[in-house]
2 protein chains.
Amino acid sequence: MSDGSDLRKRNAERTREAILAAAQDVFSTTPYGEASLKEITHRAGANPALVSRYFGSKEKLFEEALSGALDVGMLTSVPRDRFGEAIAELFTTPSQTRINPLPMLIFSAANKETQAIAVALLHKKIMQPLERWIGGADAAARAAEIMAVSTGFFTFQLILPLQPFQGRADEGVRQWLARSLQAIIDG
Amino acid sequence: MSDGSDLRKRNAERTREAILAAAQDVFSTTPYGEASLKEITHRAGANPALVSRYFGSKEKLFEEALSGALDVGMLTSVPRDRFGEAIAELFTTPSQTRINPLPMLIFSAANKETQAIAVALLHKKIMQPLERWIGGADAAARAAEIMAVSTGFFTFQLILPLQPFQGRADEGVRQWLARSLQAIIDG
DNA sequence: CTCGCAAGTAAATCACAATTTACTTAGCAA
DNA sequence: TTGCTAAGTAAATTGTGATTTACTTGCGAG
């Protein structure tokens with residue numbers, strides 16, 4: 001039976017997961033159009049033809065990769081009165097292990113198909129729960145504001161690098177991030 | 001001689017400008033990879049082969065289009081004590097006439113080449129003059145913060161549409177934008 | 001053991017758009 | 001008027017990468 005410690009060479013489930021993991025890796029560091037299935041499957045030790053078999057298409061693979069990476073818990077697991085501080089700390093502490101979904105979101109701008117996929121998933125997996133967590137009449141606006149600040153920050157930290165946002169960023173930038181985000185939560 | 005009112009059918013200067021204008025139009029509304037030279041030159045009433053002649057390549061055309069669109073005057077022509085208010089008003093007042101360079105910046109994430117082009121132009125045409133206009137020790141950080149907020153806003157207004165940012169946006173969003181930007185200027 | 005099928009592969013196909021090439025034509029100059 | 005050159009065009013070329021196809025092989029059931 002296929003439990004997690006299965007050592008067979010051929011194992012559809014395992015291969016599928018390996019491709020998905022590689023896709024999250026690649027899609028969060030490489031623009032969608034430049035992320036090739038050859039590269040992704042190579043990293044997974046698999047063959048490009050399997051993407052079609054297991055996911056249907058590159059776009060569907062992207063959808064599943066993004067869906068798996070989007071996790072509102074990142075935000076909502078933090079106490080409200082420390083929100084800004086905690087998120088600013090998280091954003092400015094580079095982590096090799098955890099994959100960051102925001103670059104994938106930014107890269108999804110690369111074509112209309114992936115834009116549509118991203119908008120739908122963003123609503124379902126982030127905006128709706130985030131709005132509920134925030135609560136109140138203008139929760140939707142405040143949730144959108146949090147996304148705007150976060151995405152803007154990562155755009156210029158990871159994709160179009162500006163010096164002040166590089167690496168751990170400086171104290172001033174961290175404080176700005178913390179205060180901006182806290183102000184949105186406090187309303 | 002070729003003054004601006006020249007009516008000849010064949011006029012290299014005129015054609016070049018027409019292609020450039022069409023490119024700014026298309027590149028600011030269509031992801032780079034989906035913006036075809038066929039579409040751009042069609043709008044300009046010209047032929048795709050002319051891009052190669054007048055600009056060298058699609059990337060060079062993009063560079064010139066972005067360069068022409070990036071204009072820090074948008075920001076620095078505003079009095080400092082009304083900065084937030086004025087920019088928020090500008091950002092939330094949809095204009096068909098003026099082309100918005102920020103989507104082009106966001107779309108430039110689509111590949112490493114255009115990223116590099118965008119970063120270089122962003123520095124030269126926006127960050128440097130903006131930092132000088134802001135002044136002080138942490139001017140670079142504050143300039144980057146302004147870009148982050150602005151780009152984040154347009155990402156979710158124009159590219160991955162979130163309801164609260166659509167159209168003129170609501171009063172709460174405008175106030176948030178105004179206050180966020182003003183706070184960065186005030187330090 | 002061996003058969004059948006699921007898993008995996010290599011190579012062909014398809015699609016598409018940028019760029020190049022070889023050609024046509026408008027417009028100016030002598 | 002005639003030719004020469006710059007401007008413009010149509011079609012061929014190229015390159016790339018996703019997807020499909022036809023094939024091979026591992027592996028477990030019976």
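In what follows, every chain begins at residue 1, and chains take the letters A, B, ... in the order their sequences are listed.
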How many Å lie between [atom1] on [X] and [atom2] on [N], as a whole number?
X       : N      : atom1 : atom2 : result
A:Phe55 : D:dT19 : CZ    : P     : 13 Å
A:His42 : D:dG17 : NE2   : P     : 15 Å
A:Leu61 : D:dT19 : CG    : C1'   : 14 Å

Set of salt bridge (Lys or Arg N to Asp or Glu O under 4.0 Å) partners for [X], sequence neighbours left out:
X        : result
B:Asp170 : none
A:Glu64  : A:Arg16
B:Arg179 : none
A:Glu59  : none

Got a list of side-chain donor-acceptor pairs under 3.5 Å for residues 79-88 of chain B, not counting sequence neighbours?
| residue | atom | partner | partner atom | Å |
| --- | --- | --- | --- | --- |
| B:Arg80 | NH1 | B:Trp133 | O | 2.6 |
| B:Arg80 | NH2 | B:Trp133 | O | 3.1 |

Q: Sugar-phosphate atoms are those with a prime plus P, OP1 and OP2; base atoms are the rest. Using that split, label each nucleotide of nucleotides 7-20 of chain C B, S or - for protein heavy atoms under 4.0 Å, 5' to 3'.
A: BBBB-------SSB
